[in-house]
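Each chain gets a letter, A, B and so on, in the order its sequence line appears, and its residues count up from 1.
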Amino acid sequence: MAATGTMRRSFGSLAFSISKRAFSTSPSPVDANGLKSMNLFSAINHALQIALESDPRAYVFGEDVSFGGVFRCTTGLADRFGKGRVFNTPLCEQGIVGFGIGLAAMGNRAIAEIQFADYIYPAFDQIVNEAAKFRYRSGNQFNCGGLTIRAPYGAVGHGGHYHSQSPESFFCHVPGIKVVIPRSPKQAKGLLLSCIRDPNPIVFFEPKWLYRLAVEEVPEHDYMLPLSEAEVIRQGTDITLVGWGAQLAVMEQACIDAEKEGISCELIDLRTLLPWDKETVEASVRKTGRLLVSHEAPVTGGFGAEISASMVERCFLRLEAPVARVCGLDTPFPLVFEPFYMPTKNKILDAIKSTVNY
Amino acid sequence: MAAWFTRSGNIAHHVKRNMGSFLRPAPTLSDSSWSRSPACLGNSPALLWAGRLESTRAQKLVDSDSENDAPLRDDDQAIDFPGGRVMLTSEMQFIPGYPQQRVHCYHLMNNDGQTNMCSSFEQVSKEVAVKMYSDMITLQIMDTIFYEAQRQGRISFYLTSVGEEAINIASAAALSPDDIVMAQYREPGVLLWRGFTLQEFANQCFGNKADCGKGRQMPIHYGSKKLNYFTVSSPLATQLPQAVGAAYSLKMDNKDACVVAYFGDGSTSEGDFHASLNFAAVMEAPVIFLCRNNGWAISTPTSEQFRSDGIVVKGPAYGIQSIRVDGNDALAVHNAVRAARQMAIHEQRPILVEALTYRVGHHSTSDDSTKYRPVDEVKHWEMGQNPVNRFRKWVERNGWWSEEDESQLRSSIRKQLLQAIQVAEKMEKPPLADLFSDVYDVPPSILFEQEQQLRETIKRHPQDYPSDVPV
Ligand SMILES: Cc1ncc(C[n+]2csc(CCOP(=O)(O)OP(=O)(O)O)c2C)c(N)n1
Ligand SMILES: [Mg+2]
């Protein structure tokens, strides 16, 4: 499932460029500040390399990981670190996560790949009942904090039901795990390294639409970005927009268009969905008085609902309009109807306007 | 054995934690409450189980253990254990994990299409054989043309069955149209055999309004209610336990039919595969599990998938009769599946068939297999073990097929296919209403609401939406 479909998505200029020249994966030279132009899968690859290098007890495994993975994120790692540390597993997601929990419980960093987020469900029991509750149920005698589960998620233009899903909200209902989603190459590298080194099990969803498309100057060195800290990536005064992952590029476009019509939008990347940074969102909503949340997953029961409820609890009197949610439809993810299903820039823009003019 | 009991003193060490569990009415042989002091059976939950433990020898054995009697002779030692008598032995022996000799492979026809004079097998009539061969060629040409259409960006995805034509067609030919098929995805030939038209294949791949799946799924996710072919779903092995449920229904309805579930070597690693074999055995369900062992699961070779002697040996572990067959030998596949079907239906039991073959194509249009496997290996199978060439030679030997038939067939199929994809491509997409239908039997109010909103959005921003979807 390489990203070869028609690009119906519009991209913004966030901190990175989404180049149409896409498929270039040749490494570009490192500049004087130690920055290197990288796409998202290379940034992930870089983070994994550093994780393996900096900790001899780190392991990378999953289906088809040896040859580089179907999205090329693990390219070169087996050659460099050996088959004992970077390896293919049998085709069994519950096995992959269960194995990862055991490995992590013995004091290792288990970095497991689930080939598509759509195929994480066979591992749901291991994640929800085992990984998430291991520390708690053992009275903190045991934990599997070294476990990080990476999975590509989200729309890609032609993925249909089973190569497009955004299952993050299922996992946001599970105390004991963290859920992290990066928006760009630089974010991906820093957040993934934090996840790998965080002493809690983490599900890390990677926006697969951006694997090749998003290119950004990424520091070459080992760095970490904080978990559970949202980032205000665009300052504004009229309305707060909250999102994560690939959706931020779409939201940014809407912000740019809204600005042309005199509406000042504040855009927040939540980055960590569980446990999430309510304070940053609250501070912003207190400032703007309006909130819009957008995600690809179906609107009903999506994580937008949690953000919306929390802000109503915290800033009810400050809100000047109902919280707007621009999300996926309450249908399975469809193939030919994908452009209709998606929370597009114009759907967001319309919602911004109606919220501001409420 | 008794000596071993004595020496080990307490064989119950590993089951001790189960003691006193009222959830467990049947303590195992090594449960300490039984092996050490049978007297306590009377007031333990083990009483529920005592009736099933009829072996007085086992009783003696236990007595001898507790009283330190002389050991009993090996030969008359056995215990009746749920499932049947189990002989005892003082020889400590682990069953090998891998057999000295691999399970044999049922095979009828060599690469020149010659069959062994001595082997007795069910003959295939001229009519059936010619249809089998024609469908194999059709499948090949369909793969070539659709693959090319994907390369040209006309469809979003494709996946070929090259190398597995015999499994596809010969197994289908051995079934009855009433048998229910639950495919993985590399089995479009079964549908072809049953009469799915080239136009129907094309419509699905183009996701147009004539696609039975209403354009909702990726290409190759075919399905046909009228042809008893359950719609393909991408998550692997999920169809296998479902196949058992469907087979149980056929059983309860006394149908003269079975379910046939197809899957790859990779899928056998999924929990669902193991669940399904066990369910099928216990439920005595008329289901044929047909594994296409093609050596690869995307980039993962079978050596990194399992360490058993393939798939066939897993059947007996679950109590299922199993056979290994040369998947590139259409006659062998046909005969094996035909026999499997007879057994599944008449004996009301599951059968496991492992067909040895090779995935000659890339995994799919998203894959480049030169990254992980030698081209020589592919060539070996493509040239040396080609299932279609082999069958052609056999059909020719019978005088049922000529060079002329061949070229006529090829050009006719090619024409039909090119026509089919042209029609499919021009046809408009399913209407927008199909985005919201079928989520439930009737749409809940929230979907009405979302549809209304969407229609208003489309009016405001028509440029955001593809023009080939009727709104
Ligand atoms: C549950 C699940 N995990 C992972 C995948 C991704 N995937 C699609 S096909 C495939 C390999 C399947 O190999 P095999 O069963 O041998 O079938 P083959 O492709 O060889 O016919 C994988 C890993 C999936 N579709 N479903
Ligand atoms: Mg395979």
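- Counting non-hydrogen atoms of other residues, nucleotides and ligands closer than 6.0 Å to CZ of B:Phe230 gives a total of 12 or fewer.
- A:Gln115 touches chain B through its side chain: at least one heavy atom from C-beta onward sits under 4.5 Å away, while N, CA, C and O do not.
- B:Thr300 pairs in a side chain to side chain contact (heavy atoms under 4.5 Å, CB included) with only one of the listed residues (A:Thr89, A:Leu91, A:Asn88, A:Val65), which is A:Asn88.
- Heavy-atom distances place both the backbone and the side chain of B:Ser233 under 4.5 Å from chain A.
- The two residues A:His163 and B:Ser234 have their closest heavy-atom pair at CE1-OG, 3.9 Å.
- Minimum heavy-atom separation, B:Lys371 to A:Arg72: CD-NH2, 3.6 Å.
- Heavy atoms from other residues, nucleotides or ligands lying under 6.0 Å from OH of B:Tyr185 number more than 12.
- Around atom OH of B:Tyr98, more than 12 heavy atoms belonging to other residues, nucleotides or ligands sit under 6.0 Å away.
- Note: B:Pro430 leads B:Pro443, B:Ser267, B:Pro430 in heavy-atom pairs under 4.5 Å with chain A.
- Contacts with chain B were tallied for A:Asp118, A:Thr300, A:Asp330, A:Thr344; A:Asp330 has the most, counting heavy-atom pairs under 4.5 Å.
- Counting heavy-atom pairs under 4.5 Å between each of B:Ile446, B:Leu432, B:Thr457 and chain A puts B:Leu432 at the top.
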Candidate pair A:His158 and B:Met218, rule side chain to side chain contact (heavy atoms under 4.5 Å, CB included), full reasoning: CA-CA 7 Å; A:His158 49 102; B:Met218 282 171 70; 5.7 Å; no
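- No other option in B:Arg460, B:Lys214, B:Gln453, B:His221 has as many heavy-atom pairs under 4.5 Å with chain A as B:Arg460.
- Most heavy-atom pairs under 4.5 Å with chain A: of the set B:Gln305, B:His363, B:His461, this distinction falls to B:His461.
- Crowding of B:Tyr229 atom OH: a count of heavy atoms from other residues, nucleotides or ligands under 6.0 Å exceeding 12.
- With chain A as the partner, the residue from B:Asp434, B:Thr365, B:Thr238, B:Asp272 showing the most heavy-atom pairs under 4.5 Å is B:Asp434.
- Residue B:Leu236 holds its CG atom at 8.0 Å from CD of A:Glu63, rounded to the nearest 0.5 Å.
- When every heavy atom of A:Pro334 is checked against every heavy atom of B:Leu435, the shortest pair comes out as CG-CD1, 3.5 Å.
- Residue with the most contacts toward chain B among A:Phe340, A:Phe67, A:Tyr119: A:Phe340 (heavy-atom pairs, distance under 4.5 Å).
- Chain A forms the most heavy-atom pairs under 4.5 Å with one residue out of B:Val439, B:Asp265, B:Asn208, and that residue is B:Val439.
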B:Glu304 vs A:Lys83, side chain to side chain contact (heavy atoms under 4.5 Å, CB included): CA-CA, chis, key distance, verdict: CA-CA 12 Å; B:Glu304 292 174 27; A:Lys83 281 191 162 303; 4.1 Å; yes
Test side chain to side chain contact (heavy atoms under 4.5 Å, CB included) applied to B:Glu451 and A:Leu329, step by step: CA-CA 9 Å; B:Glu451 184 172 350; A:Leu329 302 173; over 6 Å; no
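- When each of A:Pro332, A:Gly160, A:Cys92 is checked for heavy-atom pairs under 4.5 Å with chain B, A:Cys92 comes out on top.
- For B:Ile298, the parts sitting under 4.5 Å from any heavy atom of chain A are the backbone and the side chain alike.
- For A:Phe333, the part sitting under 4.5 Å from any heavy atom of chain B is the backbone (N, CA, C, O) and nothing else.
- In plain terms, the two heavy atoms of A:Asp64 and B:Ala297 that are nearest each other are OD1-O, 3.3 Å.
- For B:Gln463, the part lying under 4.5 angstrom from a heavy atom of chain A is the side chain only.
- Interface remark: A:Asp350 contributes side-chain atoms only to the contact with chain B (heavy atom separation under 4.5 Å).
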Stepwise side chain to side chain contact (heavy atoms under 4.5 Å, CB included) check, B:Gln217 with A:Leu335: CA-CA 5 Å; B:Gln217 284 214 81; A:Leu335 183 81; 5.8 Å; no
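- For the pair A:Thr331/B:Arg216, no side-chain contact is recorded, criterion being any heavy-atom separation below 4.5 Å from C-beta on.
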